[in-house]
Amino acid sequence: RKEVEQDPGPFNVPEGATVAFNCTYSNSASQSFFWYRQDCRKEPKLLMSVYSSGNEDGRFTAQLNRASQYISLLIRDSKLSDSATYLCVAPTDSWGKLQFGAGTQVVVTP
Amino acid sequence: EAGVAQSPRYKIIEKRQSVAFWCNPISGHATLYWYQQILGQGPKLLIQFQNNGVVDDSQLPKDRFSAERLKGVDSTLKIQPAKLEDSAVYLCASSGEYSPLHFGNGTRLTVT
């Protein structure tokens with residue numbers, strides 16, 4: 001099992017719709033997680049941090065399910081500009097070594 | 001706040017040649033990372049520095065890759081000799097004590 005696993009997608013989403021996708025992690029002791037957004041040929045940029053049960057920032061909601069060891073990202077009222085690859089990041093050891101998932105591609109269509 | 005600076009942005013070399021990348025982290029960030037990102041994959045950690053000491057280099061191909069962070073600020077990553085499979089984007093990132101990773105623009109390396 002990969003340490004951090006994501007559905008690669010693509011998730012094709014009509015503008016204005018809601019999309020959600022998950023990221024599973026293997027280290028049950030992980031405490032903090034991150035979602036990064038990466039546009040084509042650009043560097044990853046921090047979208048959200050997730051430290052407890054979840055976090056909400058405008059149209060973006062991240063939730064943490066410790067029992068099933070996954071975090072989710074939900075995007076409401078999708079905009080064309082939300083088209084990107086979303087990278088999940090989780091610690092993989094007790095020292096906090098961060099592991100990136102391969103990313104989930106989201107394509108918002110008019 | 002100035003971001004993470006990297007250079008060059010692009011580099012094309014032939015296999016077996018050597019190449020070096022430079023990174024200047026965000027001021028005050030003690031931790032510096034070098035990641036390799038191959039097309040279609042997530043970033044893979046090559047090496048992590050805490051100040052000028054190496055914290056993790058378990059995934060660094062040490063027969064050809066080397067990195068240093070003299071004086072605990074700037075860092076250089078070198079590949080010698082390069083192989084075709086080294087073609088990737090090399091991302092530098094830095095973080096402070098309570099801040100998440102911030103990435104530089106990356107260096108896109110093509111080995112022919």
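The analysis underlying the following values was restricted to heavy atoms, covering all of them including side chains, and did not include hydrogens, waters or symmetry mates. Letters go in sequence order (proteins before strands), and every chain restarts at 1.
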Pair B:F103 + A:F100: ring centers closer than 6.0 Å = yes
Turns out that what part of A:Q105 lies under 4.5 Å from chain B's heavy atoms comes down to neither
Answer key: most heavy-atom pairs under 4.5 Å with chain A among B:Q41, B:Q37, B:K44 is B:Q37
Beyond-backbone contact of B:Q6 with A:E43, side-chain heavy atoms, under 4.5 angstrom = no
Return the option, out of A:P8, A:P44, A:S49, A:G101, with the maximum number of heavy-atom pairs under 4.5 Å with chain B.
-> A:P44
Scanning both residues in full, the closest heavy-atom pair of A:L87 with B:P43 reads CD1-CD, 4.0 Å
Sub-4.5 Å side-chain heavy-atom contact between A:L98 and B:P100 | no
Among the clusters formed by ILVMFWY side chains lying less than 4.5 Å apart, do A:L74 and A:Y86 turn up in the same one?
-> no
Neighbour count >12 (heavy atoms, 6.0 Å) for atom NZ, B:K62 = yes
Hydrophobic cluster membership, A:V4 vs A:V50, 4.5 Å side-chain cutoff | no
Same cluster or not: are A:I71 and A:V19 linked, directly or through other Ile, Leu, Val, Met, Phe, Trp or Tyr residues, by side-chain heavy atoms under 4.5 angstrom apart?
-> yes
ILVMFWY cluster, A:F60 and A:F11 together (side-chain gap under 4.5 Å) = yes
Considering only heavy atoms, which portion of B:Y35 lies under 4.5 Å from any heavy atom of chain A: side chain, backbone, both, or neither?
-> side chain
With a 4.5 angstrom heavy-atom cut-off, which part of B:S58 approaches chain A: side chain, backbone, both or neither?
-> side chain
Please check if atom CD in B:E85 has more than 12 non-hydrogen atoms from other residues, nucleotides or ligands closer than 6.0 Å.
-> yes
Does CG belonging to B:L84 count more than 12 external heavy atoms closer than 6.0 Å?
-> yes
Any link between B:W22 and B:V4 through a network of hydrophobic side chains (Ile, Leu, Val, Met, Phe, Trp, Tyr) touching at under 4.5 Å?
-> no
Hey, which of B:L101, B:L91, B:L45 has the most heavy atom pairs under 4.5 Å with chain A?
-> B:L101
Region of B:D56 that comes under 4.5 Å of a non-hydrogen atom in chain A | side chain
